Asker: 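Would you mind keeping the following structure in view while I ask a few things?
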Amino acid sequence: MAWGGGWGGGAMFAGRGTATGLPFGGIPSELADEAQRLLASEPDHPPSAIHFHQRPDEVERRPLTLARMLRAYPRLVVYGSLLVIVTSLLLQAGPLLTEYAINNGMLPGHRSMGVVVACASLYLLLAVLSAYAQRVGATVTGTLASRIMHDLRIRVFTHFQRLSLDFFGDEKAGVLMSRMTSDIENLQQLIQDGISSFALQGLTMVVITVVLFSLDATLAAWTVLGVVPLLVAFSIWFHRASETGYLLSRDRIANVLADLSESLYGIRVVTAHNRQRRNITNHRHVVGAYRDANLYTGRVNAIYGPATIMIGILGQALLLGIGGERVLRHQLSLGALVAFLLYLNRFFQPIQLLVQQYSSLQQGRSSVTRLRQLLATPPSVEEAPDARDLPTVEGRLTFERVSFGYDPSRPVLEDVDLEIAPGESVAFVGPTGAGKSTLAKLANRFYDPTAGRVLIDGVDVRDVTLRSLRSQLGVVPQEPFLFAGTIRHNLKFGRAGITDAEVTEAVDVVGLGELVERLPDGLDTVVHERGQTLSSGERQLLALARAFLARPRVLILDEATSSLDLASETVIERALDRLLEGRSAILIAHRLTTAQRADRIVVIDGGGVKEVGTPAQLRERGGAYAAMYDAWLASGGRDATR
Ligand code: ATP
């Protein structure tokens, strides 16, 4: 990277300097050369062009298989395979050279120092060559694995971005994290070491079998038919037992991770409810179950390792007996017997390695299966293939005989009819769990209704692209989410191309100016832990400012349930007034002061719309809303009509 070019150079240091309040004085000259050298050795990371489409393209739609992943890099695969073949041939030449050196350089009548030295030198040369081939092979498979994993991580992440909200509700975050971590790592392991080592061991066995039979068919038959089946049978037992252990430990580590992530995310609730002891007991339980699974695997390994060594020694004794007898009878040369004994060890090694690595192959394969299933999960809210962009809307929202249930057998909403005019603000009120948020979530297609239609400016929301729909429908959720980064970065989140001047304006409009002034670095203050260091009122104001900057045509505001002090409430109400100017809005109101400010109120209860009207009409009607309102006044609520 060129010195000072882009943010990687001076700008990065300058940024740090500003953040700590110190002026940037440049890199000291004695360090400049060092820094220059360091940066020159840095690989270039040009910004990659990201094309995100709601609908996966032809390539992304194909099921994920190991072969397809490998096929994306044909040159590396061919190069890697050639290296495996060369390595396996080079590695197996040693015993043959030993045989030649004994028979033609050491036995009485054939003594020759020249032959011995030539064989030893060649042996050494081939060993060096095979080490080099293995090194290059490891680099090739390492590169292949890194590239495939990079593609896969992006593919899985892109898929997460496409999936609908119900998926994230059903699946535990820990399980999804383990898809991204352990499953992808298993696969990396498989591609980096597993496949090439499997191929190398398999090929080695073939090469050795051919060589053994060409040396002496009888002794080869004893080896292949007598010793190998014993080892294979034992190895199959091992494989089954270790697979059981692997499946157990995989399931149990998933439980450990899920329990861990839940405890960490919920640490505030845990502390507040004094649940630490019970949490530890629970975690001890899941960790204990994981330990038991590991102990089982350890026991199986402890049996298999020593037993295979025993079989190896038995095999050598057998070969020494039978082979020695054949040497004495002049049916076999001494060199060939030594070569046999050397090959026997080499024969055992691949079998053991193949069996040991079988579980990693198995892990890799089941990881591919799980990732394939994940990638094949379609989003429940899919964009129609012929979806068109929604032109700029006026903001008329229509719910037409809408029914919906998260679980289709348990409807939350039934036959809801409602129309919201352009520019009109409508408050949804009703008991908790009545379906207010749910109805709002159908408008921007977080979910699709099980029956009926939702229309925006007369267009079914299912007929337009999700991007164009959601860019015109702003959502302020009940629990505003703040990302790691500065406040400015969080505010600019809603739309591309927001300028700093717009951010400053938004901060003034929603009344955040005072907060920003109080913060150490103003808008560039870094938000930690999803904004837990800010008050809930401040987080709500930030969410309102974010929505203001996104300039949606229709606003859906899920009001926070937590009550605020009067001063904060006044600031938020003022911010809301500015935000709602000229916009259609759904206000899921938990405070009746908010409901009272809306043009109309919709009472949602028992899965449907119970009452609709202006605040004054509903109060006069003496129905559910009037009762709610009276109860609220009686409990000390401010009369918003005064
Ligand atoms: P509140 O005033 O407490 O926010 P609400 O009227 O907005 O309540 P909703 O959040 O719409 O209620 O929930 C309606 C019903 O649907 C509730 O019974 C709730 O338990 C259920 N529900 C909400 N979200 C989900 C979900 N993701 N999966 C399954 N059920 C859900």
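Every heavy atom of this structure was used, including side-chain atoms; hydrogens, water molecules and symmetry mates were not. Each ligand, and each atom within it, is numbered from 1 in the order the structure gives. Just so we're clear, the structure is a prediction, and the values are computed from it rather than from any experiment.
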Asker: For Tyr447, is the nearest heavy atom under 4.0 Å from an atom of ligand 1?
Answerer: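 Tyr447: in contact with ligand 1 (<4.0 Å).
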
Asker: Can you list the residues that meet the ring-ring contact (aromatic ring centres under 6.0 Å, His included) rule with Phe404, with sequence neighbours excluded?
Answerer: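 Result, ring-ring contact (aromatic ring centres under 6.0 Å, His included) vs Phe404: Tyr406, Tyr447.
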
Asker: Identify the residue among Val286, Leu257, Asn294, Asp292 that makes a side chain to side chain contact (heavy atoms under 4.5 Å, CB included) with Arg252.
Answerer: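 Going through the options one by one, the only one that passes is Asp292.
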
Asker: Can you see whether Thr499 engages Glu502 through a side-chain donor-acceptor pair at a distance of less than 3.5 angstrom?
Answerer: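 Yes, a side-chain donor-acceptor pair sits under 3.5 Å.
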
Asker: With sequence neighbours excluded, give me every ring-ring contact (aromatic ring centres under 6.0 Å, His included) pair touching residues 594-617.
Answerer: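 Output for this query is empty, none listed.
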
Asker: Return yes or no for this condition: an N or O of Val412 is under 3.5 Å from an N or O of ligand 1.
Answerer: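 So ligand 1 has no N or O lying under 3.5 Å from an N or O of Val412.
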
Asker: Answer yes or no for Ala434: is there a heavy-atom contact with ligand 1 below 4.0 Å?
Answerer: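 Yes; Ala434 lies near enough to ligand 1 that a heavy-atom distance drops under 4.0 Å.
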
Asker: Between the candidates Thr432, Asp558, Thr438, which shows the shortest non-hydrogen contact distance to atom 1 (P) of ligand 1?
Answerer: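 Shortest heavy-atom distance from atom 1 (P) of ligand 1: Thr432.
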
Asker: Checking the N or O distance criterion of under 3.5 Å, is ligand 1 in contact with Lys436?
Answerer: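 Among all N and O atoms of Lys436, at least one is under 3.5 Å from an N or O of ligand 1.
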
Asker: For Ile588, is at least one N or O under 3.5 Å away from an N or O on ligand 1?
Answerer: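 Between Ile588 and ligand 1, no N or O pair is found under 3.5 Å apart.
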
Asker: Under 4.5 Å between any side-chain heavy atoms of Asp386 and Asp463, yes or no?
Answerer: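 SC-SC contact between Asp386 and Asp463 ruled out.
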
Asker: Ligand 1 versus Phe446, non-hydrogen atoms closer than 4.0 Å: side chain, backbone, both, neither?
Answerer: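 For Phe446, there is no contact with ligand 1 at all, from either part.
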
Asker: May I ask you to check whether over 12 heavy atoms, not counting those of Arg467, lie within 6.0 Å of atom CZ?
Answerer: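 Check fails, neighbour count at 12 or below.
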
